[in-house]
Amino acid sequence: MNSDPNLEAQLLAWWRELDQVKHGKWMRRALEGLWRLSQANLERLDWKIIAGAIQDMEQGFRVFQPYRRVRKIALFGSARLSPQSPDYELARQFARCMGEQGFMVMTGAGGGIMQAGNEGAGAEHSFGLNIQLPFEQSSNAFISNSPRLIDFKYFFTRKLFFIRETDAVCAFPGGFGTQDEVFEALTLCQNGRCPPIPIVLLAHPGSTYWQTWDAYVREYFWHTDLISPHDVELYTITDSVTVACETIRQFYRVYHSSRYVRDYFVLRLRQSLSEAAVAQLNQEFHDIVTAGEIEQRSAFPEEVGDDTEALPRLAFRFNQRDYGRLYQLIRRVNELASADNDHPAQR
């Protein structure tokens, strides 16, 4: 294949300017990684995987970029449930409820629960993260013509965007794929590999799907010390759309986002807490603070220029182990604050 001399010249000029380009350090690292792989005598299939993954990520980042300030909910569940299923109707109602509050809904773009989510939220509040499969998976009519429909080649890149872009998970009954997605979200939250997000497990009244699942988790994981005692705090089980929607809305009542700065875990808040409230937090959650105490403060120097710079913060040295307790802390912060957040769907 003949090379494009104009493209070569553009790439060379761009490479020389990377030190002055925003995020240039990371662009250089990505390109250096590709160059090193080019010296590794990889096989054709290896390069097909690399190229396919990059193409998946390229379209994913492009589609989501304009919506980074809008909170989104990943909605998981079986593709095999019909529109007459009570869980289909529940998913449709849930998605409509969250869409009316300004949240956007992300589904796998297929049928069943995914279709219900896109139908309930409406095309204007929907994303579809489709996966190329030999059977079962074609985009549903409620998202098929949307500019927010993405066709992924690989499950791992599709999962990356479900977790990278979501601010909450709501899962309905489903098979292997649904369970895989739920456990993926729980694992990443349990290990702190994604920011804290509410995870809601929702099924129609009378269903025992999630209760049976929860009993299994408690008997074979919790009671045998295979998970931490507070890991069951990572999820909420309900059969009520109202409770599911309120669980997510309340999670962002005061809590905005979090990050690490040096050895501090920083919770950004939409409003300051009283001194008495901070003292209460220190009394209730001293067990997850490794040194010092929970302090209310302004932005760290490393956060100056960040979009959240003006927000008040709670900072403490977190043990990076008890994430179930961290979820309890976030809920307690939301309870102790004096005012409601009128725009929970805004990041």
Side-chain angles (χ1 to χ4, degrees), residues 26 29 71 74 156 159-169 180-200 217-218 220-236 247-248 250-270 273 277-304 306-309 311-337 347:
W26 303 107
R29 287 191 183 183
R71 295 200 187 276
F156 75 89
K159 281 178 163 183
L160 169 67
F161 281 93
F162 265 125
I163 297 298
R164 169 70 177 84
E165 298 296 335
T166 198
D167 298 278
V169 166
D180 175 57
E181 289 158 340
V182 169
F183 276 114
E184 174 102 6
L186 286 170
T187 299
L188 294 174
C189 290
Q190 179 202 45
N191 292 295
R193 300 308 297 173
C194 75
I197 57 172
I199 299 174
V200 178
V217 167
R218 290 173 184 269
Y220 293 103
F221 298 169
W222 187 28
H223 293 159
T224 56
D225 297 325
L226 297 178
I227 61 174
S228 297
H230 295 288
D231 282 345
V232 293
E233 296 291 338
L234 299 175
Y235 57 86
T236 299
T247 296
I248 294 171
Q250 282 293 322
F251 196 85
Y252 295 105
R253 179 174 179 261
V254 175
Y255 169 74
H256 178 275
S257 56
S258 61
R259 63 166 294 182
Y260 280 96
V261 179
R262 299 175 226 158
D263 58 345
Y264 286 92
F265 188 74
V266 180
L267 296 177
R268 301 159 174 148
L269 310 180
R270 293 188 180 273
L273 300 181
V278 176
Q280 186 72 24
L281 293 175
N282 274 297
Q283 179 180 347
E284 295 181 15
F285 295 96
H286 63 88
D287 56 299
I288 62 173
V289 180
T290 60
E293 60 182 10
I294 300 171
E295 299 176 351
Q296 187 160 230
R297 57 162 297 150
S298 58
F300 283 87
E302 292 90 337
E303 299 176 290
V304 172
D306 189 289
D307 290 341
T308 66
E309 179 184 348
L311 296 179
R313 280 133 164 89
L314 294 176
F316 60 99
R317 292 179 174 89
F318 177 46
N319 66 18
Q320 300 188 44
R321 181 181 64 252
D322 295 318
Y323 284 93
R325 288 286 285 151
L326 179 63
Y327 273 56
Q328 290 179 320
L329 170 61
I330 291 172
R331 296 187 187 110
R332 194 74 174 108
V333 167
N334 289 324
E335 291 171 359
L336 291 171
R347 281 181 174 172

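Below, each value reflects all heavy atoms present in this structure, side chains not excepted, and no hydrogens, waters or symmetry copies. For the single chain, residues carry numbers from 1 onward in sequence order. Note that the structure is predicted; figures quoted are calculated from it, not measured.
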Colleague: Tell me, please, which residues at least two apart from F162 pass ring pair (Phe, Tyr, Trp, His ring centres under 6.0 Å).
Modeller: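 Expected list: F76.
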
Colleague: Apply salt bridge (charged side-chain N to carboxylate O under 4.0 Å, His left out) to R164 and list each qualifying residue two or more places apart in sequence or on a separate chain.
Modeller: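 Result, salt bridge (charged side-chain N to carboxylate O under 4.0 Å, His left out) vs R164: none returned.
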
Colleague: For A168, which residues count as a side chain to side chain contact (heavy atoms under 4.5 Å, CB included) partner, sequence neighbours excluded?
Modeller: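 So A168 forms a side chain to side chain contact (heavy atoms under 4.5 Å, CB included) with I73, P198, I248.
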
Colleague: Who pairs with Y255 by side-chain hydrogen bond (donor to acceptor under 3.5 Å, both in side chains), at least two apart in sequence or on another chain?
Modeller: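 Y255 satisfies side-chain hydrogen bond (donor to acceptor under 3.5 Å, both in side chains) with S258 once adjacent residues are dropped.
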
Colleague: List the residues meeting side chain to side chain contact (heavy atoms under 4.5 Å, CB included) with N191, not counting sequence neighbours, and say none if there are none.
Modeller: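 With sequence neighbours excluded, N191 shows a side chain to side chain contact (heavy atoms under 4.5 Å, CB included) to T187, R193, given in chain and number order.
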
Colleague: With a cut-off of 3.5 Å and sequence neighbours excluded, list every side-chain donor-acceptor pair involving residues 295-302.
Modeller:
| residue | atom | partner | partner atom | Å |
| --- | --- | --- | --- | --- |
| Q296 | OE1 | L273 | N | 2.7 |
| Q296 | NE2 | L273 | O | 2.8 |
| R297 | NH2 | A299 | O | 3.4 |
| E302 | OE1 | R262 | NH2 | 3.2 |
| E302 | OE2 | R262 | NE | 2.8 |

Colleague: Kindly write out the residues that satisfy salt bridge (charged side-chain N to carboxylate O under 4.0 Å, His left out) with R259, not counting sequence neighbours, or none if the list is empty.
Modeller: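 Partners of R259 under the salt bridge (charged side-chain N to carboxylate O under 4.0 Å, His left out) test: none.
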
Colleague: Suppose the criterion is salt bridge (charged side-chain N to carboxylate O under 4.0 Å, His left out): which pairs have a residue in residues 222-235, not counting sequence neighbours?
Modeller: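 Non-adjacent pairs meeting salt bridge (charged side-chain N to carboxylate O under 4.0 Å, His left out): E233-R331.
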
Colleague: Does R317 have any side-chain hydrogen bond (donor to acceptor under 3.5 Å, both in side chains) partners at least two apart in sequence or in another chain, and if so, which?
Modeller: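 By the side-chain hydrogen bond (donor to acceptor under 3.5 Å, both in side chains) rule, R317 matches D263, Y264.
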
Colleague: Once salt bridge (charged side-chain N to carboxylate O under 4.0 Å, His left out) is applied, do any residues pair with E309, and if so which ones, sequence neighbours excluded?
Modeller: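 Partners of E309 under the salt bridge (charged side-chain N to carboxylate O under 4.0 Å, His left out) test: none.
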
Colleague: Side chain to side chain contact (heavy atoms under 4.5 Å, CB included) with D322: which residues, sequence neighbours excluded?
Modeller: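 Only I288, N319, R325 meet the side chain to side chain contact (heavy atoms under 4.5 Å, CB included) criterion with D322.
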
Colleague: Of all residues at least two apart in sequence or in a different chain, which pass the side chain to side chain contact (heavy atoms under 4.5 Å, CB included) check with T247?
Modeller: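 By the side chain to side chain contact (heavy atoms under 4.5 Å, CB included) rule, T247 matches V200, T236, V243.
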
